[in-house]
Trainee: 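A single structure is presented below for examination.
Order of the sequence lines fixes the chain letters, A, B, ..., with proteins taken first and strands second; residue numbering starts at 1 for each chain.
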Amino acid sequence: MKVKTVGPANAKMFFVGEAPGKDEDLTGLPFVGYAGKTLNWLLGQAGISRAESLIGNVARERPANNKISTFFEDKQCTIPTPQLIAWMMELKAELEENQPNVIVALGSTALWALTGEKGLGKLRGYVLPCRLVPGMKVLPTYHPQAINYEWKNFFPCILDLKKAKYHSKFRELKYSTPQVVDNAPISGFIDYLKNIYEHKNDGKPISVDIETIQPGSHISTMGIAISPMFAMSTCLLKGKYPCLNENEEVEFNYWLSKVLTELPLILQNAAYDISVLNLNNHIWCKNVVMDTLIAAHVCWPELPRDLGFLGSICLDVEPWKHLSGTNNSLYNGLDCCNTYGIAEFMYKEVERLSLQENFKHEMSQIPVASMLQLQGLEVHNETQEQMIKDYKKIVADTKKLLTEIIGKDVNFASPKQLQKLLYVDLGFPVQHKRRKSKDDPLKLTTDAGALKKLASILPDNPIFKLILKHKKALKMNSFLDMKLSPDNRVHTSYNITGSSEDALGRKSFGRWSSSGSIILPFGSGNLQNIPPDARKIYRAKPGWKIIQADYIQAEAVVVGYLSGDQRLIKLFEDSFGLRSAERKAKYDIHVITAQNMFSVKEVTKEQRQIGKTIRHAANYSAGPQVLSLQLNCTTSRAKQLMDLYYQINPQLKLWHQSIQEELRKDKTLVTPMGRRHRFLERWGDELFRSSYAFKPQSTVGDLLNSSLVYLYNEYGETIDILLQLHDAIYVTCQEEMVGNTIGILRDSMLRPVLVNHRVMVIDIDFKVGDSWGEQDEVDWQDYSNSFTRQEVIDMKGVYNAEHGRSSSEH
DNA sequence: GATTTTACGTA
DNA sequence: CGTACGTAAAATCT
């Protein structure tokens with residue numbers, strides 16, 4: 001049935017979808033099925049009345065197989081069939097008749113039909129001129145059905161709809177259009193710098209953006225905006241060749257340094273730009289007041305935070321990202337202006353959400369993250385070469401043996417080839433991947449777990465263990481055999497805001513991530529996943545030591561306080577400040593767990609291991625099946641053990657329940673350090689498990705980063721910081737300075753925090769050695785003054801996120 | 001040939 | 001059980 005457009009004549013908003021579906025086809029009305037329900041919900045969230053809006057589609061009849069491409073001549077969906085052209089004319093007539101103030105394009109087909117544009121992902125949220133009816137404006141966003149499929153898009157969509165609601169109040173398409181002087185001659189840019197410096201930009205910050213070429217991140221284009229409305233951009237490199245002569249370069253750097261050193265700066269991803277400016281221009285940007293990436297992370301941890309996205313949310317400007325290929329300097333200048341505009345928006349947003357403390361906390365991490373990236377980590381050549389040789393031999397030997405046994409050449413790094421070999425050619429029992437839900441389809445796997453299982457089923461066949469050994473050695477080699485910098489270093493980029501995105505949106509629990517540095521592209525990239533054995537290639541200089549300071553049982557301590565487990569809290573408080581031998585003898589948490597579970601005084605090694613595994617599993621709400629794999633026992637035995645554990649630790653289940661209760665309102669949790677996270681998963685076990693992990697992990701991460709910043713700010717001149725590893729800090733120092741350094745680390749890392757109405761102080765352990773991989777535990781008491789827990793609390797004060805928040809709300 | 005997705009391994 | 005990232009191979013797109 002043909003579907004008509006519905007809604008009151010002359011409505012301010014006109015929603016245009018793609019094509020009718022099954023329910024629309026049956027009723028002749030648009031958006032009445034599943035997608036219609038989603039639309040209603042989205043409109044409700046955005047405060048828009050469906051009854052007051054016009055709603056229709058581009059195509060007026062249901063396409064065969066629900067495929068919109070049937071209405072196009074070409075695969076790319078750019079040449080409409082005569083039928084579709086006729087429908088578009090109908091839409092045009094409806095728009096002209098009703099004269100809405102804003103047309104909301106739902107999905108890429110509507111976007112194309114109304115504006116002629118492709119690429120919804122880049123254009124959503126931006127107000128565009130309508131091509132179908134010139135003079136009208138279009139705001140594209142996701143199709144409701146796309147939100148059903150891609151849950152992460154729901155929040156951006158609501159923001160788009162709110163923006164559309166604002167635009168429905170007036171008819172004109174009025175951009176705030178910045179003035180950009182692009183490709184400025186260098187003399188003009190230097191005058192601009194002088195001028196900014198002289199007037200200090202009237203006390204306001206400037207925003208800076210650089211474009212770089214790889215490798216080496218040399219600056220090709222640089223721009224500075226003095227407000228959201230004016231920027232100048234200049235070209236410094238054309239290809240490989242500098243645009244400046246030597247004299248110009250000296251003068252340019254002189255004034256640039258003055259401006260960047262003395263004025264307050266706005267940047268998007270400051271850690272990158274200031275590192276490049278430091279490395280290549282020897283300029284140290286001291287006063288970064290706003291990193292829009294960090295502000296966006298603090299305010300909206302679930303959302304994308306690239307400039308194009310932030311522009312669509314915060315600004316009313318023309319899309320500009322498409323200029324990057326055609327006019328780099330104009331693009332760069334617009335980046336500057338729009339970063340400035342986004343910054344002004346984000347200042348208010350940080351304040352509106354009372355997240356000033358969190359913002360300051362993350363901003364303070366920029367200098368140390370930049371320093372660590374530029375400094376890198378030195379590799380001991382001889383050790384590296386020897387280890388590469390050893391592991392390469394294992395790879396070759398296992399491969400040779402396997403080829404002899406199997407009788408043909410197989411690439412064991414290819415899951416597909418391995419599947420064929422094991423399950424087809426050799427006919428071994430197939431192993432399936434663990435499923436998230438029973439409804440998910442079974443999938444084959446040849447992972448380590450499957451190979452171990454096969455090895456236990458068929459103990460006489462040596463190939464499983466050989467394959468495992470082969471793959472392990474291959475993997476190890478990737479951590480050893482890598483390109484080093486000219487001075488034998490590896491570099492990593494520490495990312496304060498994390499960076500990964502999954503089907504549900506961004507996750508960010510406040511821990512740093514580590515990835516390959518594009519400024520200094522040496523090493524295996526991530527330094528937070530180096531296996532212990534490969535750590536041996538990072539050695540201290542002769543006469544120096546590497547010290548590791550890590551929080552003891554950090555996450556378990558936080559869980560103890562959060563769940564109000566009095567016995568556990570007492571254990572942690574009683575054992576605070578003890579030498580490790582005494583702590584392990586009397587206050588071993590896993591031994592005590594086992595003692596209680598099995599009602600025994602003397603605990604065997606196995607019983608301690610069970611206690612350890614089960615605590616970890618229970619803290620994160622693992623099921624008996626996973627536990628049975630870890631403990632190598634039957635599922636029923638694992639179930640029995642879990643029940644026993646929960647019987648002895650009833651607080652844990654209560655705590656999990658309280659987390660669920662806390663989620664009920666708006667799926668938002670707040671950590672003891674004041675960090676917020678909104679969970680986007682649908683209500684259910686997956687959401688719960690993810691949220692149980694949030695508070696402990698995030699608290700430990702924030703605690704460690706506070707310590708790291710303190711250490712760098714207070715002792716950066718004297719302490720050589722090497723690495724950040726989530727709950728540990730590594731430094732290097734001369735042998736005779738070990739004691740002193742341990743004292744400083746203890747001073748920096750002991751940080752009392754109010755958790756669940758009690759003061760939590762996580763204790764610290766030290767290890768010292770000649771390399772990152774070979775370290776021995778030491779007692780700090782041998783080197784440093786001893787303070788009781790109470791003395792530490794009195795000296796340091798207690799961090800109270802709740803207090804900070806409530807006092808800033810008024 | 002380029003880009004995206006999947007599988008895997010480590011903290 | 002969770003979070004994180006990187007790498008290689010496969011799969012898909014152009």
Trainee: Send over the distance from A:Tyr494 OH to B:dA11 C1', rounded to a whole Å.
Mentor: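 That distance rounds to 12 Å.
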Trainee: As a test of reading the structure: which of C:dA9, B:dA11, C:dG2 is closest to the side chain of A:Ala693, going by heavy atoms?
Mentor: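 The answer is C:dG2, which lies nearest to the side chain.
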Trainee: Sequence neighbours left out, what passes ring-ring contact (aromatic ring centres under 6.0 Å, His included) with A:Phe694? Give chain and number order.
Mentor: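 ring-ring contact (aromatic ring centres under 6.0 Å, His included) check on A:Phe694 returns A:Phe509, A:His677, A:Phe679.
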Trainee: Can you say whether the rings of A:Tyr494 and A:Trp512 are parallel (under 30°), tilted (30 to 60°) or perpendicular (over 60°)?
Mentor: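 Rings of A:Tyr494 and A:Trp512: tilted, 30 to 60°.
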Trainee: Using a heavy-atom cut-off of under 4.0 Å over every strand shown, decide if A:Gly701 touches base, sugar-phosphate, or nothing.
Mentor: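 Since no nucleic acid heavy atom lies under 4.0 Å of A:Gly701, the category is nothing.
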Trainee: Can you check the A:Ile659 CD1 to C:dG2 P distance for me, whole Å?
Mentor: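 Taking CD1 of A:Ile659 and P of C:dG2, I get 15 Å after rounding.
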Trainee: Stems involving DNA chain C: give each as a range paired with a range, ordered by first number, where a stem means at least three consecutive Watson-Crick or G-U wobble pairs under 3.5 Å.
Mentor: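 Detected stem regions: B:1-11 with C:3-13.
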Trainee: If you measure from the Lys or Arg side-chain nitrogens to the Asp or Glu carboxylate oxygens, is any gap between A:Glu662 and A:Lys695 under 4.0 Å?
Mentor: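 Judged by the 4.0 Å cut-off on N to carboxylate O distance, A:Glu662 and A:Lys695 do form a salt bridge.
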Trainee: Please report, rounded to the nearest Å, how far the P atom of C:dC5 is from the CD atom of A:Gln697.
Mentor: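 These atoms are roughly 12 Å apart.
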Trainee: Which is true for A:Arg535 with a 4.0 Å heavy-atom rule: it touches a base, it touches only sugar-phosphate, or it touches nothing?
Mentor: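 Sugar-phosphate contact only - A:Arg535 comes under 4.0 Å of backbone atoms but never of a base.
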Trainee: Rounded to the nearest Å, what distance is computed from the CH2 atom of residue A:Trp772 to the P atom of nucleotide B:dA11?
Mentor: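 Atom CH2 in A:Trp772 sits about 10 Å away from atom P in B:dA11.
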Trainee: Would you please test A:Lys122 and A:Glu117 for salt bridge (Lys or Arg N to Asp or Glu O under 4.0 Å) and show each step?
Mentor: CA-CA 10 Å; A:Lys122 292 243 154 38; A:Glu117 299 282 354; over 6 Å; no
Trainee: Output the distance between atom CD1 (A:Ile406) and atom CG (A:Leu426), rounded to the nearest 0.5 Å.
Mentor: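 So the CD1 of A:Ile406 and the CG of A:Leu426 are separated by 6.5 Å.
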Trainee: Does A:Ser698 reach a base, just sugar-phosphate, or nothing at all? Heavy atoms under 4.0 Å.
Mentor: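 Nothing: the residue A:Ser698, judged by heavy atoms under 4.0 Å, touches no strand.
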Trainee: Quiz question: by atom type and distance under 3.5 Å, do the side chains of A:Tyr391 and A:Asp533 form a donor-acceptor pair?
Mentor: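 Result is yes, a qualifying pair exists.
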Trainee: Treating primed atoms plus P, OP1 and OP2 as sugar-phosphate and everything else as base, which nucleotides of nucleotides 3-10 of chain B get B, S or - for protein heavy atoms under 4.0 Å?
Mentor: ----SSBB
Trainee: Any pair with a residue in residues 518-537 of chain A that passes ring-ring contact (aromatic ring centres under 6.0 Å, His included), sequence neighbours left out, goes on the list, sorted by first then second residue, please.
Mentor: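 Sorted pair list comes back empty.
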Trainee: For A:Leu669 and C:dG2, give me the distance from atom CG to atom P, rounded to whole Å.
Mentor: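 Answer to the nearest Å: 16 Å.
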Trainee: Can you check whether A:His656 and A:Tyr692 have ring centres sitting under 6.0 Å from each other?
Mentor: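 So the answer is yes for these two rings.
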Trainee: Which distance, rounded to the nearest 0.5 Å, do you find between the NZ of A:Lys472 and the CG of A:Leu468?
Mentor: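 The NZ atom of A:Lys472 sits 8.0 Å away from the CG atom of A:Leu468.
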Trainee: If I take atom CD1 in residue A:Ile496 and atom C1' in nucleotide C:dA4, what distance separates them, rounded to the nearest angstrom?
Mentor: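 Roughly 16 Å, once rounded to whole Å.
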Trainee: If you compare all heavy atoms of A:Arg305 against all heavy atoms of A:Thr497, which two are closest, and at what distance to 0.1 Å?
Mentor: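 In this case the closest contact between A:Arg305 and A:Thr497 is NH2-O, 2.9 Å.
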Trainee: Hey, is the side chain of A:Ser514 poking within less than 4.0 Å of OP1 or OP2 on C:dC5, counting only N and O atoms?
Mentor: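 Checking A:Ser514 against C:dC5: no side-chain N or O falls below 4.0 Å of OP1 or OP2.
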Trainee: Look for any protein N or O under 3.5 Å of an N or O in nucleotides 12-14 of chain C and output each such pair with its distance, or none.
Mentor:
none

Trainee: Between P on C:dA4 and CG on A:Leu527, what's the gap in Å once rounded to a whole number?
Mentor: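 Those two atoms, CG and P, are 19 Å apart.
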Trainee: Any side-chain donor-acceptor pair under 3.5 Å between A:Tyr423 and A:Thr446?
Mentor: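 Per modelled atom types, A:Tyr423 and A:Thr446 side chains form no pair under 3.5 Å.
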Trainee: Calculate the interatomic distance between A:Arg511 atom CZ and B:dA11 atom C1'; express it in whole Å.
Mentor: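 Rounding to the nearest Å, CZ of A:Arg511 and C1' of B:dA11 are 8 Å apart.
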Trainee: By side chain to side chain contact (heavy atoms under 4.5 Å, CB included), which residues pair with A:Lys118, not counting sequence neighbours?
Mentor: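 In terms of side chain to side chain contact (heavy atoms under 4.5 Å, CB included), with neighbours along the sequence ignored, A:Lys118 is linked to A:Cys77, A:Thr78, A:Trp112.
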Trainee: If you find the nucleotide of DNA chain C closest to A:Trp512 and the one closest to A:Gly523, which residue's nucleotide is nearer the 5' end?
Mentor: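 Checking each residue's closest nucleotide, the 5'-ward one belongs to A:Trp512.
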